[in-house]
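Hydrogens, waters and symmetry mates play no part in the numbers below; they use all other heavy atoms, side chains included. Here is the naming used below: chain letters follow the sequence lines, and residue numbers restart at 1 for every chain.
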There are 2 protein chains.
Amino acid sequence: MPYPEGGSFHEALPQAMKKKPTIHEVAARAGVGLGTVSRVLNNHPAVRPETRARVLRAMEELGYTPNPHARRIAGGRSYTVSVLLPFVATEFYRRLIEGIESVLLEKRYDLALFPILSQARLKRYLESTTLAFLTDGLILASYDLTELFGEGRLPTERPVVLVDARNPRYDSVYLDNRLGGRLAGAYLARFPGSIFAIKVEEEPDRAFRHTVFSERMAGFLEAIKEAGRPFPEGHLYVTRLSAEGGRLALRHFLEKASPPLNIFAGADQVALGVLEEAQRLGLTLGKEVRVLGFDGHPFAEEVGLSTIVQPVEAMGARAAQLLLERMQGYGGPPREVRFEPTLVERASTGTPPEAPYLP
Amino acid sequence: MPYPEGGSFHEALPQAMKKKPTIHEVAARAGVGLGTVSRVLNNHPAVRPETRARVLRAMEELGYTPNPHARRIAGGRSYTVSVLLPFVATEFYRRLIEGIESVLLEKRYDLALFPILSQARLKRYLESTTLAFLTDGLILASYDLTELFGEGRLPTERPVVLVDARNPRYDSVYLDNRLGGRLAGAYLARFPGSIFAIKVEEEPDRAFRHTVFSERMAGFLEAIKEAGRPFPEGHLYVTRLSAEGGRLALRHFLEKASPPLNIFAGADQVALGVLEEAQRLGLTLGKEVRVLGFDGHPFAEEVGLSTIVQPVEAMGARAAQLLLERMQGYGGPPREVRFEPTLVERASTGTPPEAPYLP
DNA sequence: CTGAAAGCGCTTACAG
DNA sequence: CTGAAAGCGCTTACAG
């Protein structure tokens with residue numbers, strides 16, 4: 001008796017043995033045809049509100065939940081989107097995913113994350129057998145991987161959106177990191193004292209490189225130069241993305257110059273290290289040592305870190321929107337959505353002098 | 001003309017417009033029935049080698065690749081396995097995934113990773129609509145999440161295997177961390193000098209806690225005690241999983257005692273910090289400062305770090321095997337597979353004295 | 001607005 | 001060993 005029928009027996013079966021209800025059961029219970037159930041499932045307008053309600057109730061009572069595989073097979077849509085992202089568990093990606101998820105869930109789309117552990121894995125992901133490929137659309141975070149493939153196109157016919165990366169062939173959503181760097185430079189240049197900067201290292205692998213840190217630094221140096229402030233080569237410190245890098249940098253800087261020091265850290269996590277080390281050394285923040293971070297990490301507010309905020313959630317949400325539009329058939333040319341960072345001033349820098357500092 | 005027919009025109013279409021070949025095309029090209037193609041796809045023995053070869057060739061020529069959604073729908077199997085793992089990108093997980101993948105790929109199974117960003121996400125994962133749930137089996141890494149759900153069972157009927165965690169209801173593969181700690185303790189107790197230990201903090205959230213670090217430390221303290229060596233409370237330092245923790249710990253320890261120091265670090269990453277800081281301070285490794293790590297991180301060999309090695313890849317592979325067996329219908333009681341760590345001696349500890357050290 | 005039918009790409013007994 | 005048919009859970013024109 002592979003398919004137990006009959007209410008009471010069925011009810012008596014342990015949860016684990018119950019067959020998942022299908023559209024058939026729902027139709028029967030609601031007293032409608034299969035097509036109608038499918039229509040309410042797909043928000044088709046041509047369903048009487050009353051009928052819709054009846055079907056919805058039946059689904060509720062049965063605990064019905066649609067089978068994405070069947071939907072994919074029948075209708076070409078699985079209602080799930082893949083997000084390919086680097087295998088690094090930072091707050092940035094957590095926030096990005098939240099942003100993406102917020103709009104996807106609203107449209108009843110599901111998302112599957114695919115951390116890119118290695119190039120080999122990535123290539124497999126993009127083989128058509130793989131689930132990542134068989135979802136309805138792809139969001140690529142941070143890596144512009146197109147150059148890994150022939151013709152500079154990803155081997156998929158489904159819509160693709162890049163976030164935190166750019167490529168002329170695809171829709172992309174990115175932060176103007178250079179502008180962020182400029183904001184940082186212009187701001188710190190208003191204070192008296194020496195100016196320093198900490199740059200975060202980037203991955204050596206070409207295809208996997210994202211250039212955000214270089215862009216931030218480029219903008220920063222531009223602004224410093226425009227402000228007419230000196231920036232000797234030794235005032236740049238390069239480190240991995242870690243608080244420790246910030247600590248070491250501060251000690252290094254203190255050998256080069258005496259307070260006040262104005263430090264731009266290319267990432268909040270690094271800025272945090274500067275902050276901590278300054279406190280340990282008994283240096284007054286916002287006075288002897290001024291630190292400005294980049295990212296708008298949640299902890300920045302807690303510790304009073306001035307920082308260049310990037311609207312990560314908004315970027316994620318926008319990327320999801322672009323993708324949704326493509327999945328709904330939009331066929332226009334690739335769109336580039338540029339986000340602008342903003343400076344948030346807190347105790348770690350204090351307030352700049354009324355009169356701009358002129359060297 | 002939604003479905004272009006006719007060889008030459010078809011060939012001329014750009015890659016992107018080609019319809020993916022299906023089992024029908026393969027059957028036609030190989031001159032066999034659909035069933036036969038399906039049989040070779042599923043390694044069914046009842047296919048003449050000659051026929052099989054013909055079908056295989058047709059698939060090759062057509063670039064055919066099976067549609068997992070259809071397979072799932074028709075046969076109840078999608079040939080993909082979900083791995084649920086913490087959202088932390090450490091070498092441990094990288095290696096674990098490699099181990100799992102190695103045996104899965106061999107059986108032509110695919111795997112999809114689901115990083116657990118939050119409890120909310122996890123619950124969604126386990127709702128039946130979600131892809132994670134609809135794969136053929138689940139591997140849960142590090143978290144024993146069963147207590148999140150009623151009756152202590154995950155809300156899935158598919159087989160589940162835990163790795164790096166244990167639960168009596170499911171197959172599990174784990175390392176004997178306590179034994180590892182004991183090995184470390186017994187080993188360091190053979191050296192003269194003070195004994196110190198660095199423990200890695202664990203997540204506060206109950207359901208998401210894994211207790212490996214506590215177990216390591218418990219075993220270590222046991223062995224130290226059995227060896228009759230003193231271990232004052234102040235000799236334990238607790239820190240996050242980072243090299244910096246190791247640096248700070250060493251400085252802290254040096255205030256407590258003079259060299260030689262024998263230090264057990266609960267994780268290689270932390271041990272690395274100790275190592276670096278010792279070098280920075282000009283202390284001779286393996287003599288003034290002896291460091292023993294835990295994990296068998298790839299860099300341990302490079303830097304000459306003695307460590308307790310855990311066979312992560314093997315653990316992953318074993319977990320995949322257990323899961324495969326379940327998916328193939330094995331219905332026996334839950335199995336616990338225990339792995340034993342081993343000590344690898346390198347320069348960071350030097351060689352212990354011939355005669356055991358007796359306090 | 002709604003039902004019945006055909007079809008998505010595969011698997012699985014069922015006959016030969 | 002192999003083909004033809006039924007079926008998996010859904011969607012989508014097609015008629016009404």
> Can you tell me if B:R48 touches the phosphate of D:dC1, counting only side-chain N or O atoms and a distance under 4.0 Å to OP1 or OP2?
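False: B:R48 side-chain N/O out of range (4.0 Å or more) of D:dC1 OP1/OP2.
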
> Would you call B:E325 and B:R335 a salt bridge, taking side-chain N to carboxylate O under 4.0 Å as the test?
yes

> Closest-nucleotide mapping onto DNA chain C: is A:R52 or A:L34 further toward the 5' terminus? I mean the 5' end.
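Taking each residue's closest nucleotide, the earlier one in sequence belongs to A:R52.
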
> Specify the closest pair of heavy atoms between B:S142 and B:A165, including all atoms of both residues, with the distance to one decimal.
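Smallest heavy-atom distance, with atoms named: O-CB, 3.8 Å.
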
> Does A:S38 have a side-chain nitrogen or oxygen under 4.0 Å from the phosphate oxygens OP1 or OP2 of D:dC10?
no

> Taking a pair as Watson-Crick or G-U wobble with both distances under 3.5 Å, which nucleotide is matched to C:dA4?
none

> At under 4.0 Å between heavy atoms, what does B:Y64 touch on the DNA or RNA strands: base, sugar-phosphate, or nothing?
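Sugar-phosphate: the residue B:Y64, judged by heavy atoms under 4.0 Å, touches backbone atoms but no base.
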
> Which base sits across from D:dA13 as a Watson-Crick or G-U pair, both distances under 3.5 Å?
none

> When we call it a touch if two heavy atoms are under 4.0 Å apart, what does A:V32 touch: a base, just sugar-phosphate, or nothing?
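Sugar-phosphate contact only - A:V32 comes under 4.0 Å of backbone atoms but never of a base.
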
> For a quick check of understanding: with a heavy-atom distance under 4.0 Å over all strands, which category does A:R39 fall into, base, sugar-phosphate or nothing?
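It contacts base atoms.
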
> Just to confirm, is there a sub-4.0 Å distance from OP1 or OP2 of C:dG9 to any side-chain nitrogen or oxygen of B:T22?
no

> Salt bridge check: are B:R158 and B:D136 linked by an N-O gap of less than 4.0 Å?
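No.
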
> Under 4.0 Å from OP1 or OP2 of D:dC1: is there any side-chain N or O of B:T51 that close?
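No, B:T51 has no side-chain N/O under 4.0 Å of OP1/OP2 on D:dC1.
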
